[in-house]
Amino acid sequence: MSIKSKALIRAEKLLPGNQDFTSITDDIAGVPEQKKTPIQWWLLFGLSLSLLSIFVGSVGFLIWEGTGIWGINNPVFWGWAIINFVWWVGIGHAGTLISAILHLFRQNWRNAINRFAETMTLFAVICALVFPGIHVGRIWVAYWFLPLPNQMGMWPNMRSPLIWDFFAVFTYFTVSLLFWYTGLIPDLATLRDRAKGLKKKVYGFFALGWRGGNRQWQHYELAYLVLAGISTPLVLSVHSVVSSDFATSVIPGWHTTIFPPYFVAGAIYSGFGMVMTLSIIARKVYNLGHIITVEHLDKMAQIMLLTGCMVGYAYSMEFFVAWYSGNPYESFAFVNRALGPYWWGYWAMIFCNVVVPQFFWFEKYRRHIPFLFITSILVNIGMWFERFVIVVITLHRDFMPGAWAMYNPTMWDVAIYLGTFGLFFTGFLLFLRFLPMVSIAEAKLVLPESDPHHGDSHE
Amino acid sequence: MQEIPKPITSLTWDNAALISMKVAKKLNIKNGQMLEISVGDNTINIPAFITPGQNQKSITLELGYGRKFNGRIGNEVGFNVYPLRSSDSPSFILNGSIKVLNETYPLASTQDHHGLEDDKYAAPGFDDLANKEAQSRIPELVKQSTFDYYKDNPDWVQKKVEQHKPDKNRSWADHSMYNPDWDYSKGPQWGMSIDLTSCTSCNACSIACQSENNIPVVGKQQVMNGREMHWIRIDNYFAGDPDNPEVSTQSVACVHCELAPCESVCPVAATTHSSDGVNQMTYNRCLGTRYCANNCPYKVRKFNFYNYTKDLPEVVQMAMNPDVSIRFRGVMEKCTYCYQRISSARITAENEGREIKDGDFQVACQQSCPADAIKFGDINDPNSEVSKAKRRNRDYALLAHLGTAPRTTYLAKIRNQNPMLVSKSQNGSYQ
């Protein structure tokens, strides 16, 4: 079998049925061009908007009243806000991984899901960025994080991991936004060419005069490649830096060198979980099963299996090191995770992050869509609990038993967390309504017709 | 005063009927469970609090609570136990009886682990795992020995200290994020020594600190949320037989680490070191990320979760110490070594054209300590009280293995118990 025919077979698997350039454009561009918005969209949008109003209300109350409305106390000074921050940043990881790293490795199967994943990244990072802003005691001076020259002669403390964190996440957001927008330009031009009136003007404005000429494509490909190259180290750096918020501290259970790779693996794991959840819903609602195929879901499940095993390894390694170090404080921190009063949080994490992905060894489960859907949600529940374990269980019992205490979240913790779903889904649904959810230009790349040697393959 | 934790129980705001663990087990009484106590025709209802060391044949009640006309911090606080008291037996009542009621009452204790065993009878957070671990940490945190042992091995504390000394020659010492490159050999350098042998855990230091430093009273609900603001607290640890335990107490305030973990993590450099070695908080720079408090191994930093001083009556506002700023919502605060007193002593000394000398001033906790357990002064002056205390062979630093180089150190506790009163579980052999 020649190489080309292998490619053909793969293309048929990724885009089954008799599809060509026109049908792909019609299918994908057809969604934002719908005259009548589907009723399901309105239902979901209404739900998202009500969650968003909960978010706005509870953040307003937080600013008015103070962080005392949360369950945080002494010694658990960080609670759900930081858990949610790390969780959302983690979810935001898959986007750039799929777009940048898989692009550099020429994994064309990513073409059906990359737009999705990048958009998800953008909104997830926005949700994440909300938390460092609102969790501080004096929100009105949160801009002091920024190295702005000022009359006070004050400068941020560059030794603080929170400053590194702030820069890492903002850099990630900026590059992700540029990457997302660059990839969107040819598709915006497609929509412009198919639209009329005001829509044509708006899409046209954002399409930056794209005509699809040969030279434009050359520049575009190069720009995209450069952005992919810039983004790739960011995928690894963002969560490494987030993990240093914990790893550079002296607290037993935080003070570990394993955190950066372990956080990155966990982040990719949860990011793929979220992409899976969203793409299963979208392909169902918009009948795009022939573009986001079972093959794509299978591949994502394989990555989840890999990263799930990596976090499982990290969990066991943490216990090994705690025991091997002979440090009684360290050992207790880990025993307390598994057997202390929050044991359920620890075992929920182990079940969702280590046990559940083991089913993905079997192809049957990797292609079973309801199973995948439930699993992808469990993955993100598990990853939320991982951050709960790290933040709350570590802090509630550290060095001085005289200061130990329990932590109980309040309704405001829950409200703000649920509220960020409102923020996320409102943004995401607007994206689904007005922009092509799959990259039209890139989906065509896996068609046999886009292979320059396609004509030669009649053997 | 309502919010000062009572010695041993660490209870605030309410009084309770202190009962022994054995009685609690026998009658299936949980912490905070209401009891009906009757003496003759008089009965009162009061919540139970399981207290280590309480004699199993007795209940301790405190007078003075449950008042009706006592302003906003006195009304409806605690339970009036006067009905049980008669002129025949004003202090001890011999013929009381109790009935366990089927309701509970929330009690606010500042320390979460008093049970010695059996978490069934304890509030959440008192579980066996925590108790066992807390007990195993006592010899590390509250170093102690019997008098006899100390007589034979006067240098045992220093041998322990030597074991846990961080190795200054290790490569990380040069690259430490916590290294401020400051020469501490010049000028007055402030330090403190707390003698655990003299300390009786009376909490006078805590209340003195509160009134000196304008520390807000946060109320019962906030204490239950674990948000009490005391800059100096007393930790109580119990070991051995719950009815006759060995009690180790320790007052903990900010120890003013020379290599402070809190300083390096603050994103806006709101907590920094002064040239005289005091770890300081700049309130109006603090934006309240609370990272410093998370990274404090001693957990002595306190956060203003709400604007606690907003509704203070004018007369209380006027009672505040004018030398200490009132902290607004959202900033961190902690022991300053009474820096206002240091400054005023320095200014006086400068006006008189001399150096500050030992005994020019006392810090609030030191001044109020009835046992004179706290010494404060210039550690660069070899003749100061604090330097003398720190030269004693019982001197050790809390959690020294972390390499934080604290300015407050402790003098180990030496027990000299009457052998007739010592039970088997109290052998005091911690070293």
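Just so it is clear: chains get the letters A, B, ... in the order the sequence lines come, proteins before strands, and each one is counted from 1. Note that the coordinates shown come from a computational prediction; the quantities given were computed from them, not determined experimentally.
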In terms of heavy-atom pairs under 4.5 Å with chain A, which of [options] leads?
| options | result |
| --- | --- |
| B:Q250, B:K302, B:E228, B:R290 | B:R290 |
| B:P267, B:C296, B:G330, B:G288 | B:P267 |
| B:G226, B:A269, B:S136 | B:G226 |

| task | Could you please state which residues from residues 78-91 of chain A sit under 4.5 angstrom from chain B, measuring non-hydrogen atom to non-hydrogen atom, sorted by number, or 'none'? | result |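 Answer by number: A:W78.
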I need the [X] [atom1] to [Y] [atom2] distance, nearest 0.5 Å.
| X | Y | atom1 | atom2 | value |
| --- | --- | --- | --- | --- |
| A:N157 | B:E263 | CG | CD | 9.5 Å |
| A:N336 | B:E133 | CG | CD | 8.5 Å |
| A:Y143 | B:L287 | OH | CG | 10.5 Å |
| A:T67 | B:R329 | OG1 | CZ | 7.0 Å |
| A:H255 | B:L402 | NE2 | CG | 8.5 Å |
| A:L395 | B:K299 | CG | NZ | 6.0 Å |

Heavy-atom contact with chain B under 4.5 Å, split by part of [X]:
| X | answer |
| --- | --- |
| A:W155 | backbone |
| A:Y407 | neither |
| A:Y342 | neither |
| A:T410 | neither |

If I measure from the heavy atoms of chain A, does [X] come under 4.5 Å with its side chain, its backbone, both, or neither?
| X | result |
| --- | --- |
| B:N294 | both |
| B:R233 | side chain |
| B:V300 | neither |
| B:L398 | side chain |

[Y] and [X], any side-chain heavy atoms less than 4.5 Å apart:
| X | Y | value |
| --- | --- | --- |
| A:F77 | B:F303 | yes |
| A:M400 | B:L399 | yes |
| B:H401 | A:Y329 | yes |

| task | Applying salt bridge (Lys or Arg N to Asp or Glu O under 4.0 Å), name anything that partners A:D245, two or more places apart in sequence or on another chain. | result |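 A:D245 satisfies salt bridge (Lys or Arg N to Asp or Glu O under 4.0 Å) with no other residue.
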| field | Results of side-chain hydrogen bond (donor to acceptor under 3.5 Å, both in side chains) for B:R227 - residues two or more places apart only | value |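 Scan of B:R227 (side-chain hydrogen bond (donor to acceptor under 3.5 Å, both in side chains), adjacent residues dropped) gives B:Q222.
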Would you say [atom1] of [X] has more than 12 non-hydrogen atoms from neighbouring residues, nucleotides or ligands within 6.0 angstrom?
| X | atom1 | answer |
| --- | --- | --- |
| A:Y324 | OH | no |
| B:Y396 | OH | yes |
| A:W344 | CH2 | yes |

| Short side-chain to backbone donor-acceptor contact, A:R138 and B:N284, under 3.5 Å |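 Pair found, side chain donor or acceptor close to backbone of B:N284.
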| Any donor-acceptor N/O pair, B:D235 side chain to A:P401 backbone, under 3.5 Å |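 Not confirmed, B:D235 side chain does not pair with A:P401 backbone.
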| message | Between A:V141, A:D398, A:I69, who has the most heavy-atom pairs with chain B when the cutoff is under 4.5 Å? | response |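 If we count pairs closer than 4.5 Å to chain B, A:D398 comes out on top.
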| Any salt bridge (Lys or Arg N to Asp or Glu O under 4.0 Å) pairs touching residues 318-343 of chain A, not counting sequence neighbours? |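 Listed by first then second residue: A:E318-A:R337.
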| task | Locate the shortest heavy-atom distance separating A:W144 from B:R285; write the atom from each residue and the value. | result |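 Looking at all heavy atoms of both residues, the shortest contact is CZ3-O, 3.2 Å.
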| message | Which heavy atom of A:S249 sits nearest to which heavy atom of B:N295, and what is that distance? | response |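 Distance-wise, the nearest heavy atoms are CB-OD1, 2.9 Å.
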| query | When the aromatic ring centroids of A:H135 and B:Y291 are compared, is their separation below 6.0 Å? | reply |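 Between A:H135 and B:Y291, the centre distance exceeds or equals 6.0 Å.
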